[in-house]
Number of protein chains: 4
Amino acid sequence: MAQPDKRRRILDAAVTVFAQNGFYNSKVSQVAREAGVADGTIYLYFKNKEDILIQVFIDSMAAILARQETALANLTDPAEKLRVFIATHFNSVAESRALAEVLTVEVRQSSKFMRGTDMKPFGQYLGMIARIIDDGVVSGAFRSNVDSRLSARAIFGAIDELSLAWAMERGSAALSDACERVTAFFMTGLEA
Amino acid sequence: MAQPDKRRRILDAAVTVFAQNGFYNSKVSQVAREAGVADGTIYLYFKNKEDILIQVFIDSMAAILARQETALANLTDPAEKLRVFIATHFNSVAESRALAEVLTVEVRQSSKFMRGTDMKPFGQYLGMIARIIDDGVVSGAFRSNVDSRLSARAIFGAIDELSLAWAMERGSAALSDACERVTAFFMTGLEA
Amino acid sequence: MAQPDKRRRILDAAVTVFAQNGFYNSKVSQVAREAGVADGTIYLYFKNKEDILIQVFIDSMAAILARQETALANLTDPAEKLRVFIATHFNSVAESRALAEVLTVEVRQSSKFMRGTDMKPFGQYLGMIARIIDDGVVSGAFRSNVDSRLSARAIFGAIDELSLAWAMERGSAALSDACERVTAFFMTGLEA
Amino acid sequence: MAQPDKRRRILDAAVTVFAQNGFYNSKVSQVAREAGVADGTIYLYFKNKEDILIQVFIDSMAAILARQETALANLTDPAEKLRVFIATHFNSVAESRALAEVLTVEVRQSSKFMRGTDMKPFGQYLGMIARIIDDGVVSGAFRSNVDSRLSARAIFGAIDELSLAWAMERGSAALSDACERVTAFFMTGLEA
DNA sequence: TATGAATGAGGTTTCATTCAT
DNA sequence: AATGAATGAAACCTCATTCAT
């Protein structure tokens, strides 16, 4: 009987439903059914439908940011850091295709129209990549003429697109392969 | 007074409106007003609201595909081809921020849920990149161990993300700069 | 090229279309297509959509009234008159199932809501039956205690229902059989 | 304050509104207002507007069928049965002119266009009449040469038309009078 | 007379949100 | 905290009608 974390269950249900139908084609009642709660209960935990998506985004970004920080904690070599970052990203995505779809597609779509949604977590994520590159430039591991913000964004775009391709085509095994190849690819583009 | 191509005007209006509010937050009547036609007129040219978005996609992809083909027609050097391809993409995007937003965000979002939408034009676009890479591999200009499909997708992801960044931040006249830099970046990743 | 009676063609087309889809589910453009004219042309001959139905009714009733008058002209025996009346009704209906459906169903449905539609022709039709009965009562051929208005209405209801049954079930051959039987049936109810 | 059977209230409201304006000229919002519920509430109980009409038909036919069965339960004489059947029909109609109009006019009009509407209850109703006649033929009370299906349909057409006449003219308290007369009329047509 | 592209009012229906229980 | 029946605003789309040609 005791439903320990109802908020969590609603968020998970939302990810499933949003991934399947897209945010705008999903009905709050579908999320409620998937979560095993009444429609009204949703509104005890979230301000409105949009808020569910925002919280999915915030929670998920927090989780992946923490995960990246843990993964990178003991590394010093910039090339190795970037390799691990990319691998961690792909691993996170691999754990939940649904979440990957929601983050890459739905949030991107909707964020522009959600006034006051704090997109900082996304900026932080880009910032992590940029910092790795900057470190590499400073340490001499990477070319000195790379634009770290731009490269970070390009790298993110590439791995995000590959995640999405994987998410939509279900070609699951290929993901780790893609991870290795794309990493190698970028390394050559960066290394001094 | 009769505006010649009403279909064209509606499509242009739709791009503007969809870019501003997102497809699902846009009302057909807004598109009509922007196009300077009555609501019902829309339905003389399009099956329904979704169909407008689909036609935007089809028309725009056809235009950019044609443009790329023209641009690449007389080139033989794979590296040069890729350089031109990327430049052409950025130039196309630069001409209409709104169109860029609709193509990268709205179409991506919605295409999954539009049964029967032919995504082939997108496949063709990826195919163009892949073919350039394949040619480069054959000619020895590019490494032999690159996966052309994967690289194509990664490259597309990167330039698409950069387009989007530019589109959303409005600021950067930096697009052409980004173009050069990202091209150089990929070149190093590919060249033998 | 010369389309002699466009009004006639539109009315015929309307009967076909209304019988198939019902008045309210029929579109003016369908009638136009069926008649081989442009949508706008309809409005050169009819005030509006409802007017088409009204004219179908008026024209058809005039035709059947005239037909009945001709058929009954030389008859004197009330029983014979009634027999011929019923036969003429069934024959008229048999010539156009579509018209039968429109007259029995659509006009009945709609007449209540068409202000100012003159339902007199229908009253005249009932009146013809009633007069035959009255004559029969006077001549002693029919019972003296029959209520001619009531009986007329009952008889009309019966033959109308049978027409409709025939129209909907297409059981074409059965119509003349039904005609004979129902006539015999009513005769027994009336004859002194 | 909670009205017990909202479905019932909506059906009753629908009968009133449909009788007044006709099905196709009635707006769902009118039915809602008449029922004292919000527009959306209608759709908690009915699939769509058409479904309301279908349910009116199904419910009403079930009611009148049950009523006829009760009324006829203890009777054995075929002539008496028919007499009671017709009386029961007229009584049912007399209780609600609006319902009579909807059943005779609107349902008839629309049923053809409502795919999947089960018209069996109407067939059952006709079947009840036919069975009474068949019984009468077997028992020798009625002529042996009557066609029971045909006669049933004729009888139904007659009483339906008279109901409608009464419903539309509002005036006649004459309904029970009509009942007696038409019964007598048919008896003579049937009796051996 | 004839056309048919354009109009725009308005209805059906959906669904996020509320609130009495 | 939880429910889910009820709400009602709002949008897509249809289609009768008009009018410039």
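Letters go in sequence order (proteins before strands), and every chain restarts at 1.
Between the side chains of C:N25 and D:Y24, at least one donor N or O sits under 3.5 Å from an acceptor N or O.
Taking atom CG of C:N21 as the reference point, atom P of F:dC15 lies 11 Å away to the nearest angstrom. In this structure, D:R33 places its CZ atom 13 Å from C1' of F:dG8, rounding to the nearest Å. Remark: P of E:dA6 and CZ of B:R7 are 14 Å apart, rounded to the nearest angstrom. When the C1' atom of E:dA6 is taken as reference, atom CZ of B:R9 falls 12 Å away, rounded to whole Å. Atom CG in B:L44 sits about 11 Å away from atom P in F:dT14, given to the nearest Å. Atom-to-atom, CZ of B:F46 to C1' of E:dA6 comes out at 15 Å; the value is rounded to the nearest Å.
The two residues C:N21 and C:S26 make their nearest non-hydrogen contact at CB-OG, 3.6 Å. In plain terms, the two heavy atoms of B:V102 and B:A19 that are nearest each other are CG2-N, 3.7 Å.
Close to E:dA5, at under 4.0 Å from its OP1 or OP2, lies no side-chain N or O of B:K6.
Nearest to the side chain of D:A38, among F:dA6, E:dA5, F:dG8, sits F:dG8.
Within 4.0 Å (heavy atoms only), C:Y45 reaches sugar-phosphate atoms of the nucleic acid but no base atom.
Classified by interplanar angle (parallel below 30°, tilted 30° to 60°, perpendicular above 60°), the ring pair C:F18/C:F23 is perpendicular.
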Could you give me the CA-CA distance, side-chain angles and deciding distance for A:I52 and A:Y45, then say whether side chain to side chain contact (heavy atoms under 4.5 Å, CB included) is met? CA-CA 9 Å; A:I52 307 176; A:Y45 295 90; over 6 Å; no
Below 3.5 Å is the cut-off: list the nitrogen or oxygen pairs between protein and nucleotides 13-17 of chain E, distance only.
{"unit_1": "E:dT13", "atom_1": "OP2", "unit_2": "D:Y43", "atom_2": "OH", "d": "2.8"}
{"unit_1": "E:dT13", "atom_1": "OP2", "unit_2": "D:K49", "atom_2": "N", "d": "3.1"}
{"unit_1": "E:dA16", "atom_1": "OP1", "unit_2": "A:S26", "atom_2": "O", "d": "3.4"}
{"unit_1": "E:dA16", "atom_1": "OP2", "unit_2": "A:V28", "atom_2": "N", "d": "2.9"}
{"unit_1": "E:dT17", "atom_1": "OP2", "unit_2": "A:Y43", "atom_2": "OH", "d": "2.9"}
{"unit_1": "E:dT17", "atom_1": "OP2", "unit_2": "A:K49", "atom_2": "N", "d": "3.0"}

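Where A:V37 and D:I42 meet DNA chain F, the nucleotide closest to each residue was compared, and A:V37 sits on the side nearer the 5' end.
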Indicate every side-chain donor-acceptor pair of residues 54-62 of chain C with a distance under 3.5 Å to a residue at least two apart or in another chain.
{"unit_1": "C:Q55", "atom_1": "NE2", "unit_2": "C:D51", "atom_2": "OD1", "d": "3.0"}
{"unit_1": "C:D59", "atom_1": "OD1", "unit_2": "C:R7", "atom_2": "NH2", "d": "3.0"}
{"unit_1": "C:D59", "atom_1": "OD2", "unit_2": "C:R7", "atom_2": "NH2", "d": "2.9"}
{"unit_1": "C:D59", "atom_1": "OD2", "unit_2": "C:R8", "atom_2": "NH1", "d": "3.3"}
{"unit_1": "C:S60", "atom_1": "OG", "unit_2": "C:V56", "atom_2": "O", "d": "2.6"}

Could you spell out the base pairing of DNA chain E as a dot-bracket line? Use Watson-Crick and G-U wobble contacts where both distances are under 3.5 Å, [ ] for crossing pairs, | for partners on a different strand. .||||||||||||||||||||
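A donor-acceptor pair under 3.5 Å is formed between the side chain of C:T104 and the backbone N or O of C:A100. At distances below 3.5 Å, not a single donor-acceptor pair connects side-chain atoms of D:K6 with backbone N or O atoms of D:A35.
Taking 4.5 Å as the limit, some side-chain heavy atom of C:L99 sits within range of a side-chain heavy atom of C:L103.
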